[in-house]
Structure formats: C-alpha cells, structure tokens
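Note sheet for the following structure.
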Amino acid sequence: MVNESVLARLKEYVNDSENIVIVPHHNPDGDAIGASLALYGVLQKMEKKVNVVSPNSFPEFLQWMTGADDVINYEDHPSKVKKAVKEAELIFFLDFNGLSRLKSLEKEVANFSGRKVMVDHHPGPEDIADVMISEPEASATCELMYDVINKAGWKHLLDKDLAECIYTGIMTDTGSLSYNSSRPEIYHIVADLVGIGVDKDKVHKLVFHSNSFNRMKLLGHALGQKMYLLDGSPAAYIVLTAEELKRYEFKPGDTEGFVNYPLWIEGISVSALFMEHEDKIKVSLRSRGSFPVNKFSEKFFNGGGHRNAAGGEYYGNLTDAVDAFCRELPLFIKSHNYND
Ligand code: 5GP
Ligand code: MN
C-alpha cells in the first residue's frame with residue numbers, strides 16, 4: 001500500500017532525527033493509540049528519544065498496551081508536551097488528517113518548524129505534513145503502520161507486545177474484522193501478527209470484555225429507554241443527557257460502540273448517538289451502504305470521518321442537536337437519492 005519513494009523519505013527523516021514526537025488525534029481510539037505505541041516501541045528500539053503526546057486521555061480498556069503509561073496527556077501536562085514538541089526534530093501525525101482533530105493541542109504543533117509525517121486512512125486529507133501516507137482504502141492506520149514498519153525493514157523490531165498494539169487498531173477499526181475488512185491483505189497481516197505471538201483472544205477480552213458494571217447499566221438504559229426510531233427514515237438514534245451520563249458515572253470510552261446497536265434493527269441503515277457534555281453535544285454517526293455519514297456530519301455537526309463511521313459536535317442544546325438530525329436527515333437522503 002505504501003509507495004516506495006514516500007517510504008524512502010520517511011526512512012530518511014527517521015534516520016536524520018534523534019528526537020521524535022508521535023501525536024494521535026483527540027479522544028484517541030484503539031487505532032490511534034495502537035499505531036502510536038507500535039511506532040513508539042519500534043523507534044525506541046532504534047535508540048531514538050521518543051515521546052507520545054496525546055491531546056487528552058484515552059480509555060482504560062486501552063491502557064494495558066505496552067508503553068501506555070508513557071503517553072503524555074496535553075490536558076493534564078501542557079508544559080511537558082510543549083517541551084517535547086519544542087525539542088523534537090520530527091513529528092508523526094497518526095490516524096487523523098487535519099490539525100483541527102487535535103483540538104487544543106493544535107496550537108502547540110501548528111508552528112512546529114521541523115519535519116512532519118502523516119499516516120492516516122481518512123478521506124479528504126489536508127496538506128499538514130511533508131510526507132503524507134494517506135490511504136482511505138486501508139482498514140486502519142494500524143494496517144498502514146504495519147506496512148510502513150515491514151517495508152522500511154524494521155519488522156524484526158516488532159515483538160509480541162508491539163504486534164498486539166497493531167492488532168488492537170485493526171480489531172477496533174473493523175469491529176473485529178466484521179466490516180471495512182474485505183481486502184485479503186488485512187488477513188495476511190493478521191496472520192503475520194499472530195505468527196509474531198499476538199494472543200488475539202486476550203486482546204479481544206481486554207478491549208471488549210473489561211466493562212465496568214455501570215457501563216453495562218448505561219448500555220441497558222440507552223437501548224431500553226433512550227433509543228428512538230425516526231419515522232419515515234431508515235434511521236434510529238440514542239440520546240443521553242448529562243444527568244444520565246453522571247448517574248452511570250460516565251468515563252471516556254464508556255459509550256464506545258453504543259452507536260452501532262441501532263444498526264442491528266432490521267431496515268435501519270443510519271444510526272446516531274447524541275451525548276450532552278458540559279460545553280457541547282458530541283455526535284456519533286454510523287451507516288450501512290452508501291449513505292455518507294462523514295458528509296452529513298461535515299454539513300451539520302462540524303465533523304467528519306469515514307463514509308460509514310463519523311462523528312462531530314454541535315454547539316447548542318441537546319434538543320436542538322436532535323431536532324437538526326431529525327429534520328435534516330430525511331432531506332439529505334432525499335436530495336442525494338441514497339436508497340440502500
Ligand atoms: P466516534 O463516533 O467513534 O467518536 O468516531 C467515529 C469516527 O468519526 C472517528 O474514527 C473519526 O474518524 C470521526 N470523528 C469523530 N469525531 C470527529 C470530529 O469531531 N471531527 C471529525 N472530523 N471527525 C470525527
Ligand atoms: Mn482509525
């Protein structure tokens with residue numbers, strides 16, 4: 001997947017740099033953290049000075065990964081992050097393709113004068129790096145990271161723990177290989193990772209079966225009391241207020257995956273989750289088939305993402321966010337003639 005001449009420049013940048021920073025997107029998920037920690041481990045083995053700098057914290061179900069304790073969180077440690085960025089010669093942007101995805105960390109990297117490499121699989125990249133590996137066909141940034149490590153001749157540095165980071169990103173971005181995973185290459189990569197020693201059953205359990213009691217209760221509440229059908233459209237949505245999130249002691253990552261459930265209803269091909277946070281409404285969108293939730297999110301929710309998985313934010317109250325969805329979705333479907 002990764003082009004040879006682009007890879008040659010990436011290798012040259014790494015060879016020329018002693019001090020490197022790796023940055024995943026805001027609210028980093030399994031793919032962003034997996035790719036960051038795999039690269040972190042590989043570069044450390046090359047005796048580079050490396051820092052992984054995240055805009056904010058990441059969920060507990062990803063904190064078992066090797067290197068996770070070393071990640072510096074900008075929200076909690078802004079001065080450490082500033083220092084790391086200031087001292088770096090090279091920055092890697094992983095699993096995002098526009099600097100706005102860094103939220104408040106954006107201003108710290110915007111004026112960075114060293115070299116920049118982006119590795120990402122979202123459509124519509126902005127010109128944010130000197131070397132851009134942008135492959136919307138890839139299942140996950142972790143798939144691209146494997147390709148980079150392999151083709152760069154660094155695969156011998158990939159031990160079991162680092163291979164598990166890569167496997168995590170592939171697993172979480174494809175719903176355990178249930179979508180976005182129809183190209184044969186991905187199975188060759190998984191086979192190779194299992195060959196290196198990845199315990200895939202263990203990874204699955206650590207990521208998906210480590211829920212708190214409250215998280216399971218919140219899921220029950222969301223599906224039982226707060227899921228609605230949008231009359232006349234193939235859509236369903238879940239709405240969670242700040243009070244409900246508080247009642248179930250919401251922690252980042254607790255609602256991960258909730259937005260997928262409405263798609264399990266026969267005839268439903270678009271799903272949304274609305275969550276009321278202090279300063280904004282967080283919106284998650286999923287679809288099956290041709291309906292581009294990324295375009296819908298760009299237009300109405302200041303967001304973006306992939307065709308079938310996107311997110312965004314609404315700056316206003318919860319009712320208005322839900323009303324906008326219910327009003328605009330049927331019009332959007334009608335005007336674009338999506339019918340599968
Ligand atoms: P989630 O619904 O899991 O938060 O996000 C699903 C996907 O949508 C992410 O992988 C990311 O590509 C995209 N996404 C989520 N939130 C935002 C956002 O605020 N802005 C943009 N541009 N993309 C987002
Ligand atoms: Mn991803």
Side-chain angles (χ1 to χ4, degrees), residues 1-17 19-29 31-40 42-43 46 48 50-55 84-85 88-103 105-155 165-166 169-170 173 180 183 185-186 189 292 294-295 297-298 303-307 309-311:
M1 255 192 165
V2 179
N3 167 302
E4 293 297 333
S5 66
V6 169
L7 194 73
R9 281 177 64 212
L10 184 153
K11 279 185 76 170
E12 181 195 319
Y13 283 13
V14 168
N15 288 337
D16 289 351
S17 309
N19 200 322
I20 301 172
V21 159
I22 300 169
V23 187
H25 57 76
H26 184 259
N27 284 339
D29 56 5
D31 192 28
I33 291 293
S36 297
L37 293 178
L39 180 62
Y40 175 62
V42 165
L43 294 175
M46 294 164 76
K48 305 289 180 186
V50 203
N51 284 293
V52 180
V53 156
S54 172
V85 171
E89 296 146 82
L90 172 63
I91 288 192
F92 277 90
F93 297 139
L94 301 186
D95 200 36
F96 65 97
N97 61 15
L99 291 184
S100 66
R101 291 285 280 134
L102 296 178
K103 303 284 173 194
L105 177 58
E106 175 177 356
K107 63 179 186 298
E108 302 299 343
V109 303
N111 298 321
F112 178 72
S113 56
R115 288 165 156 179
K116 288 168 264 184
V117 174
M118 179 190 95
V119 183
D120 178 65
H121 69 134
H122 293 87
E126 290 169 22
D127 185 11
I128 59 169
D130 308 293
V131 164
M132 309 249 295
I133 296 177
S134 170
E135 298 286 345
E137 290 296 302
S139 305
T141 296
C142 277
E143 178 186 356
L144 295 171
M145 189 51 73
Y146 171 91
D147 215 31
V148 165
I149 291 169
N150 184 27
K151 290 195 179 137
W154 302 334
K155 215 180 87 181
C165 295
I166 292 185
I170 292 174
D173 262 29
N180 248 348
R183 286 172 310 106
E185 291 87 336
I186 195 81
I189 294 174
N294 51 355
K295 299 220 170 90
S297 184
E298 263 168 38
H306 307 274
R307 186 184 64 189

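- Residues Met46 and Trp154 form a side-chain contact, since some pair of their non-hydrogen atoms from C-beta on lies under 4.5 Å apart.
- Judged by distance alone, the side chain of His121 and the main-chain N or O of Ala138 form a donor-acceptor pair under 3.5 Å.
- Smallest separation of non-hydrogen atoms from Asn3 and Val6: OD1-N, 3.1 Å.
- Side-chain N or O atoms of Lys11 include one that pairs as donor or acceptor with a backbone N or O of Ala152 at under 3.5 Å.
- Lys116 approaches Leu90 most closely through the heavy-atom pair N-CD1, 4.3 Å.
- The backbone N or O of Val14 lies less than 3.5 Å from a partner atom in the side chain of Lys48, making a donor-acceptor pair.
- Heavy-atom minimum distance, Lys155 versus Asn150: CD-OD1, 3.5 Å.
- With values rounded to the nearest 0.5 angstrom, Asp95 atom CG is found 8.0 Å from Cys142 atom SG.
- Atom OG of Ser36 is separated from atom NE2 of His25 by 8.5 Å, given to the nearest 0.5 angstrom.
- The side chain to side chain contact (heavy atoms under 4.5 Å, CB included) with Val117 is formed by just one residue from the set Val131, Ile20, Leu39; it is Val131.
- Remark: Leu7 CG to Asp147 CG distance equals 8.0 Å, nearest 0.5 Å.
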Side chain to side chain contact (heavy atoms under 4.5 Å, CB included) between Ile22 and Leu43, intermediate numbers included: CA-CA 10 Å; Ile22 300 169; Leu43 294 175; 4.2 Å; yes
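- Annotation for Glu137: atom CD does not count as buried by contact number, only 12 or fewer foreign heavy atoms lying within 6.0 Å.
- Residues Pro24 and Pro55 approach most closely at O-CD, 3.3 Å, considering heavy atoms.
- Shown here is Lys151, whose NZ atom has more than 12 heavy atoms of other residues, nucleotides or ligands within 6.0 Å.
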I would like to know whether Leu10 and Val2 meet side chain to side chain contact (heavy atoms under 4.5 Å, CB included); could you show each step before the answer? CA-CA 11 Å; Leu10 184 153; Val2 179; over 6 Å; no
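- Looking only at side-chain heavy atoms (C-beta outward), Phe93 and Leu99 come within less than 4.5 Å of each other.
- Rounding to the nearest 0.5 Å places CG of Asp130 at 6.5 Å from CZ of Arg9.
- In this structure, the side chains of Asn294 and Pro123 come closer than 4.5 Å at one or more pairs of heavy atoms.
- Considering all non-hydrogen atoms of both residues, Ala140 and Gly169 come closest at CB-O, 3.8 Å.
- Contact check for Glu89 versus Asp16: no side-chain heavy atoms found under the 4.5 Å cut-off.
- Scanning both residues, Pro125 and His122, for their nearest heavy atoms gives CD-O, 4.4 Å.
- Distance check: Ile170 CD1 to Leu144 CG gives 9.5 Å after rounding to the nearest 0.5 Å.
- One distance of note links CG of Asp173 with CD1 of Ile186; it measures 9.5 Å at 0.5 Å rounding.
- Looking only at distances, a side-chain donor or acceptor of Asp31 sits under 3.5 Å from a matching main-chain atom of Thr141.
- Side-chain contact between Leu37 and Tyr40 is present, with at least one heavy-atom pair separated by less than 4.5 Å.
- At a threshold of 4.5 Å between non-hydrogen side-chain atoms, the residues Val50 and Phe92 do not count as touching.
- The number of heavy atoms from other shown groups lying within 6.0 Å of CG (Asn15) is above 12.
- At least one side-chain heavy atom of Met1 sits under 4.5 Å from a side-chain heavy atom of Arg183.
- Val23 has its side chain out of reach of Val85: every pair of non-hydrogen atoms, C-beta onward, lies at least 4.5 Å apart.
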